[in-house]
Amino acid sequence: MSKSNFFIVLGLFFLLLFSAQTQAQSSDAYVLLNGNEKKTSWKKLSKSLQTSELVFFGEEHNCIMAHWLTLQMLKEWTKSDSVNKTFALEMFERDQQASLDSLMAKQFELKDLSKHTRTWSNYLSDYEIFLEFALTKNIPIVASNIPRNYASVLFKNGRDSLAKLSPEEKKWFCPLDFPVDRELSQYRQLIEIEQHLSGKNFVEAQAIKDATMAESIVRELNTGKKVFHLNGRYHSDFKQSILWYVNYYRPNTKSVTISIVRQKGTKLPADLKGLADYIFIVPEDFPVSYSN
């Protein structure tokens, strides 16, 4: 299916699901819970978007509903003001920033982005629409993540291997003195995987991704910008991972976390208690853009 046909079908699909006046605010396609796992309103979520310095939306990368909700939240976030705001994404890495800057400077068209820099395999179906929105609103787009080859080097050879790199290369990731709290539940679940891998730096390789994204975010916050960060939910669930590092680099940052869960029923399991400030529960059989 072509990109244009995909969005036509997707648009018709949602048109059937939602009335024109109540798209995000009222739908049986999802349930919106607050941090206490009580049903809440889009209006309250919207207020949190407006009053926070930093918004995290933790998505599932193939969830069509997550991407539609992301677009609705971006619209809500910029409804009263699109100035002094930055849209940052896990899906782009720091060494791609020059290409994104050229895109924003209109040196080439959005449709040609993949000719100028690498993109995820589901970029066209799932993420291009967000860049299009940011460009329309003239909102800076920030590549927040570490280039994956540097995380791979750390995994295989440890931090010392990155310390030997040139200053030019070191700008693609956070300072190497970043701490790692292996007691965080998000990292504890990685320790068993680490023990079965030949490398002993699996947790640190994940942590440098979180720390780099956090440092990228904090750079924007420190210039007076408000930031909307899009990432896989692992990286912001339970206010850990990226957010832990945001608060390490910039204590007391006012943030709101949002997560999406695909499951049967609307009651969260016990192990998801404290997942986020807002949780969208979506039926597990809701269409996906690709199969894992």
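Residues: numbered from 1 along the sequence shown. Fair warning: this is a prediction, and the values are worked out from it, not measured in the lab.
Remark: Asp160 engages no residue in a side-chain contact (heavy atoms from CB on, under 4.5 Å) (not counting sequence neighbours). Applying the side chain to side chain donor-acceptor pair (under 3.5 Å) criterion to Gln263, with sequence neighbours excluded, gives no partner residue. Applying the side-chain contact (heavy atoms from CB on, under 4.5 Å) rule to Lys38 yields the partners Asn34, Asn36; only residues at least two apart in sequence or on another chain are considered. The salt bridge (charged side-chain N to carboxylate O under 4.0 Å, His left out) test applied to Arg250 returns Glu53, not counting sequence neighbours. Qualifying side chain to side chain donor-acceptor pair (under 3.5 Å) partners for Lys239, counting only residues two or more places apart in sequence or in other chains: Asp277. For Thr51, the side-chain contact (heavy atoms from CB on, under 4.5 Å) test picks out Lys47, Lys254, with sequence neighbours left out. Residues passing the side chain to side chain donor-acceptor pair (under 3.5 Å) test with Thr212, sequence neighbours excluded: none. Ser114 meets the side-chain contact (heavy atoms from CB on, under 4.5 Å) test with Thr119; sequence neighbours excluded.
Within the structure, salt bridge (charged side-chain N to carboxylate O under 4.0 Å, His left out) contacts touching residues 86-95 (residues at least two apart or in different chains) are Glu93-Arg118, Glu93-Arg148, Arg94-Glu215, Asp95-Arg118. Judged as a salt bridge (charged side-chain N to carboxylate O under 4.0 Å, His left out), the pairs with a partner in residues 59-74 (not counting sequence neighbours) are, in order, Glu60-Arg233. For residues 173-183, the set of pairs meeting the salt bridge (charged side-chain N to carboxylate O under 4.0 Å, His left out) definition, not counting sequence neighbours, comprises Arg182-Glu194.
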Expected list for residues 99-106: side-chain donor-acceptor pairs under 3.5 angstrom, two or more places apart:
| unit_1 | atom_1 | unit_2 | atom_2 | d |
| --- | --- | --- | --- | --- |
| Ser99 | OG | His116 | O | 3.3 |
| Asp101 | OD1 | Gln97 | NE2 | 3.0 |
| Ser102 | OG | Ala98 | O | 3.1 |
| Ser102 | OG | Gln107 | OE1 | 3.3 |

